Amino acid sequence: QVQLVESGGGLVQAGGSLRLSCVFSGDIFTGYKMGWYRQRPGNQRELVATITRTSPANYADFVKGRFTISRDGPKKTVYLQMNNLNPEDTAVYYCNAERIVGVRAIFWGQGSQVTVSS
């Protein structure tokens, strides 16, 4: 079974930066599209960014130019570098893995709270 373990959330002031990490285990890492989603208070979960081994990263418009998603194959880890944070970025951030070969499946991390103070 795929397991996603997140870390790196916390409290930061507006304009600051955080880096989220998500460690993948339980399957072949390259068979998955990895992504980050977030859920702001009172809102639905929304896509932040995705990445695969062979395809360029894609981003939601609201984070373009500020956030960077990356993956480290040997460590089976995906990162989300978040710069120029603002209070609207306050949310629970979830790591996501979608199996893109063979039988499709979706897995979620436990969620990581990111709070940006003004």
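Just so it is clear, the structure is predicted and the values come from calculations on it, not from any experiment.
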Report yes or no: do V92 and V23 belong to one cluster of Ile/Leu/Val/Met/Phe/Trp/Tyr joined by side chain heavy-atom distances under 4.5 Å?
-> no
So, does E98 use its side chain to make a donor-acceptor pair with the main chain of I106 at under 3.5 Å?
-> no
Residue pair R99, D27: steps toward the side chain to side chain contact (heavy atoms under 4.5 Å, CB included) verdict = CA-CA 9 Å; R99 199 167 193 268; D27 206 347; 3.4 Å; yes
Name the orientation class of the two ring planes belonging to W108 and Y37 (parallel below 30°, tilted from 30 to 60°, perpendicular beyond 60°).
-> perpendicular
Can you check whether E88 reaches F62 side chain to side chain, under 4.5 Å on heavy atoms?
-> no
Nearest atoms (heavy-atom pairs only) where D89 meets Y93 | O-OH, 2.7 Å
S17 versus Q81, closest heavy-atom pair with distance = CB-NE2, 3.9 Å
Rounded to the nearest 0.5 Å, the CE atom of M82 sits from the CZ atom of R19 at a distance of 11.0 Å
So do Y32 and F107 actually touch side chain to side chain, heavy atoms under 4.5 Å?
-> yes
Hey, what do you get for CD (Q44) to CD (Q39), rounding to the nearest 0.5 Å?
-> 8.0 Å
When you look at V78 and F24, which way does the side chain to side chain contact (heavy atoms under 4.5 Å, CB included) test go after all the steps?
-> CA-CA 8 Å; V78 63; F24 175 104; over 6 Å; no
Exam field: side chain E6 to backbone C95, donor-acceptor pair closer than 3.5 Å = yes
Verify, without hydrogens or angle tests, whether S112 (side chain) and G9 (backbone) share a donor-acceptor contact under 3.5 angstrom.
-> yes
One should read off an interatomic distance between Q110 CD and S7 OG, to the nearest 0.5 angstrom, of 8.5 Å
Let me see the working for V114 and V116 under side chain to side chain contact (heavy atoms under 4.5 Å, CB included), right down to the final yes or no.
-> CA-CA 7 Å; V114 171; V116 184; 4.2 Å; yes
T30 side chain reached by R71 side chain, heavy atoms, under 4.5 Å = yes
Would you find a donor on one side and an acceptor on the other, under 3.5 Å apart, between the side chain of Q3 and the backbone of G26?
-> no
Out of curiosity, K76 NZ to L4 CG, how far, rounded to the nearest 0.5 Å?
-> 11.0 Å
Report the distance from atom OG1 of T77 to atom CE of M34, rounding to the nearest 0.5 Å.
-> 8.5 Å
Side chain to side chain contact (heavy atoms under 4.5 Å, CB included), paired with L11, selected from T90, L18, T115 | T115
Quick one: does R66's side chain get under 4.5 Å of Y59's, heavy atoms only?
-> no
Donor-acceptor pairs are to be reported for all side-chain atoms of residues 47-57 against protein atoms at under 3.5 Å, with residues two or more places apart or in another chain.
{"unit_1": "T50", "atom_1": "OG1", "unit_2": "N58", "atom_2": "OD1", "d": "3.4"}
{"unit_1": "T50", "atom_1": "OG1", "unit_2": "N58", "atom_2": "ND2", "d": "2.1"}
{"unit_1": "T52", "atom_1": "OG1", "unit_2": "T54", "atom_2": "N", "d": "3.4"}
{"unit_1": "T52", "atom_1": "OG1", "unit_2": "S55", "atom_2": "N", "d": "2.9"}
{"unit_1": "T52", "atom_1": "OG1", "unit_2": "S55", "atom_2": "OG", "d": "3.3"}

Decide yes or no for L80 and V63: does some side-chain heavy atom of the first lie under 4.5 Å from some side-chain heavy atom of the second?
-> no
